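Chain A is the first sequence line, chain B the second, and so forth, proteins listed ahead of strands; every chain is numbered from 1. Note that the structure is a prediction, hence the values are computed from the model and not measured.
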Amino acid sequence: MPDKGLKPLDVAEGETVVMRFAPNPNGPPTLGSTRGIVVNSEYVRRYGGKFIIRFDDTDPQTKRPMLEAYDWYIEDCTWLDAKPDKVVIASDHMEVYYDYARKLIEMGHAYVCFCEGGDFKKFKDAKEPCPHRGQSPVVNLEHWDKMLAGDYEEKAAVVRIKTDIKHKDPALRDYGAFRIVKTPHPRPEVGDKYVVWPLLDFEGAIEDHELGMTHIIRGKDLMDSEKRQGYIYNYLGWDYPKTTHWGRIKMHEFGKFSTSGLRQAIEEGEYSGWDDPRLPTLRALRRRGIRPEAIRKFMIEMGVGETDVSISMDTLYAENRKIVDPIANRYFFVWDPVELEIENAEACVVEPSLHPTEERGRRSINVGSKAFVCNDDVGSVKEGDVLRLKDLYNIEVTSVSPLKGRCIGNSMEDVKSRKMRIIHWAPEDNVSIKVLAPHGEFTGVGEKQVVEELNNVVQFERFGFCRIDSVDDGVVAYFTHK
RNA sequence: GCUCCGGUAGUGUAGUCCGGUCAAUCAUUCCGGCCUUUCGAGCCGAAGACUCGGGUUCGAAUCCCGGCCGGAGCACCA
């Protein structure tokens, strides 16, 4: 598959590509996370390698993991046709991190620092070693053991990796590798077992090596990680994976949002849940009837660039429409309905086709002497106006309030010669329908046959595509796109 | 303040490493037309870009220097 968008990877002779997607499960996957899932898994698929999902859940406090989210990630990856070959949870590997920490301390490449944050910054900015930097490995090991034993309070001590305190880039000078957190971890398997937690650069450095990662794609914001982690790799004699970076991705339709911000908004009832149609979570998009193939294509064609991008959902919708249009059956949904009485009507059954171009059969509608039409369509009609009820017949308006009309035949010639507007309608014998859309809620009535489309994406003519979400008590549909 | 990265049409993207074939690709969007008993799709057509200034060169989107704009790191977040 010569997918445009993704540049070839630099793969050594005989090398098996191993790549990972490493989220913190502190909320469900969003469109942003999806890039990491799709691009990594796509590369792995192309090169016949291995795709690993690793939960970087080593912060029980500030970015506290959400227990349900671990499964959500696996679910959503699978849905995106990116089922991981292996699932790794960082909080299961604490002993491994501790072992390497001890080793680096013994080698004299790490030390326990008791500086207060601000004080250390002063030393660092002045390119001066702090008083603890010169401690012997023996002393550092003692402190390390005390840290592990819980003898120090939070923020009292931190383990730093020795880099080059005079490095011209301040971001690289002696960075933190472990800190003390006494909040228990949400995973019951872990709980309060540990009080010393690794920071991202340490945890990631060890994991990427242990898992045999060959290539890493990560955000531009983590560009310094390679240089920082490079010190650890040098000390331990490891080779660093090949790295690529991408810029931030932002959708026009969704302003700035943070997982913690969304979480709060949901708890306060501002959104109905993580799958509220207004949210950019995968769960919401799935519920709305966005197809995973469309998301994959969208992400792959965007490629991997270091430029920050801000793109429109329209592009994703266009991809999705190509998939959904040929398979979505057509139905009438009348929002903001107005009753229309047809004075000379004779009961009949009409059978419009389910799709304008595909052979998908027909639907069947019983029509009596009343119908419903959209207020938008008849709000400004006058007595004597003529209209075409699509797939039914032509009418002449005989009264505006209440709205009444008279059937004046079924001739398409008349529709053309008299330039009648063609509007859709719903029969008197109908089903109530509610559509939940990012831009609001729409209620009205529609053809009864819609209840047969549970879980399918249909097109409500002149309205848009929708996924039928439930049919228990009337129909509830989630808006996909136009 | 120090350090790093980026800047091609409205939005994304190809091309930049190894200057010419680039009066610059593709998608989306927008605007026209055709078709159509909805909308959408489809078909046809059109519009629209190399951040700026120098330099190197016969020749620069591509190389060099500087400016401007944008993003990021310098956290006991990931």
| said: Mind checking if A:Val415 touches a base, just sugar-phosphate, or nothing, with heavy atoms under 4.0 Å? | reply: nothing
| Protein-nucleotide distance (A:Lys63, atom NZ; B:C76, atom P), rounded to Å | 14 Å
| query | Using a cut-off of 4.0 Å on non-hydrogen atoms, how would the nucleic acid contact of A:Pro23 be classed: base, sugar-phosphate, or nothing? | reply | nothing
| query | Quick one: is A:Lys7 getting a side-chain N or O under 4.0 Å of the B:A14 phosphate, OP1 or OP2? | reply | yes
| request: Please state whether the phosphate of B:C74, meaning OP1 or OP2, lies under 4.0 angstrom from any side-chain nitrogen or oxygen of A:Lys122. | output: no
| query | Using a cut-off of less than 4.0 Å, is there contact between a side-chain N or O of A:Arg179 and OP1 or OP2 of B:A78? | reply | yes
| message | If we ignore hydrogens and angles and just use 3.5 Å, is the side chain of A:Ser310 paired with the main-chain N or O of A:Met251 as donor and acceptor? | response | no
| Which whole-number value in Å describes the distance from A:Glu358 CD to B:G42 P? | 13 Å
| Just checking A:Met302: base, sugar-phosphate only, or nothing, at a heavy-atom cut-off of under 4.0 Å? | sugar-phosphate
| request: Select base, sugar-phosphate, or nothing to describe what A:Leu172 touches, counting heavy atoms under 4.0 Å on all strands. | output: nothing
| query | Rounding to the closest angstrom, what is the interatomic distance between B:C30 and B:C63 at atom C1'? | reply | 37 Å
| query | For atom P, what is the distance between B:U57 and B:C52, given to the nearest Å? | reply | 23 Å
| Any-strand Watson-Crick or G-U partner of B:A9, both distances under 3.5 Å | none
| task | Please state whether the phosphate of B:A75, meaning OP1 or OP2, lies under 4.0 angstrom from any side-chain nitrogen or oxygen of A:Thr62. | result | no
| Short question: side chain of A:Asp308, backbone of A:Arg248 - any donor-acceptor pair under 3.5 Å? | yes
| query | With ring centroids as reference points, do A:Tyr152 and A:Phe114 lie under 6.0 angstrom apart? | reply | yes
| request: Using the closest heavy atom to pick a nucleotide of RNA chain B for each, name whichever of A:Ile311 or A:Ile422 lands nearer the 5' end. | output: A:Ile311
| query | Does NZ or CZ of A:Arg363 come closer than 6.0 Å to the centre of the six-membered ring of A:Phe332, within 45° of the ring's axis? | reply | yes
| said: Can you check the distance between B:A23 and B:C34, where both ends of the measurement are the C1' atom (answer in whole Å)? | reply: 31 Å
| Which part of the nucleic acid, if any, lies within contact of A:Cys115, taking any heavy atom under 4.0 Å across all strands shown: a base, the sugar-phosphate backbone alone, or nothing? | base
| message | If I pick the C1' atom on B:G7 and the same atom on B:G67, what distance separates them, to the nearest angstrom? | response | 14 Å
| field | Sugar-phosphate, base or nothing in reach of A:Ser225, heavy atoms under 4.0 Å | value | nothing
| field | A:His143 vs A:Tyr111 side-chain heavy atoms within contact, under 4.5 Å | value | no
| message | At less than 4.0 Å, is any side-chain N or O atom of A:Lys168 found next to OP1 or OP2 of B:C4? Yes or no. | response | yes
| task | Report the relative orientation of the aromatic rings in A:His209 and A:Tyr233; use parallel for angles under 30°, tilted for 30 to 60°, perpendicular for over 60°. | result | perpendicular
| said: Output the rounded distance in Å from CG (A:Asn24) to P (B:C77). | reply: 12 Å
| query | When the C1' atoms of B:G12 and B:U25 are considered, how many whole Å apart are they? | reply | 13 Å
| said: Under 4.0 Å, heavy atoms only, any strand: does A:Ser310 hit a base, just the sugar-phosphate, or nothing? | reply: sugar-phosphate
| message | Taking the C1' atom in each of B:U62 and B:C17, what is the distance between them to the nearest angstrom? | response | 10 Å
| field | Euclidean distance, atom NZ of residue A:Lys121 to atom P of B:G1 [Å, nearest integer] | value | 13 Å
| query | A:Phe120 has an atom CZ; how far is it from atom C1' of B:C76, in whole Å? | reply | 12 Å
| Gap between atoms CZ and P, on A:Arg421 and B:U36 respectively (whole Å) | 20 Å
| So which nucleotide from B:G40, B:A27, B:U11 ends up closest to the side chain of A:Arg321? | B:G40
| request: Answer yes or no: does a side-chain N or O of A:Lys322 lie under 4.0 Å from OP1 or OP2 of B:G40? | output: no
| said: What contact category does A:Asp221 fall into here, base, sugar-phosphate, or nothing, at under 4.0 angstrom with non-hydrogen atoms? | reply: base
| task | Could you tell me whether A:Asp325 contacts a base, only the sugar-phosphate backbone, or nothing, with contacts defined as non-hydrogen atoms closer than 4.0 Å? | result | base
| How is A:Arg248 classified with respect to the nucleic acid when contacts are heavy atoms under 4.0 Å: base, sugar-phosphate, or nothing? | nothing
| field | Spacing between A:Lys250 atom NZ and B:G70 atom C1', to the nearest angstrom | value | 11 Å
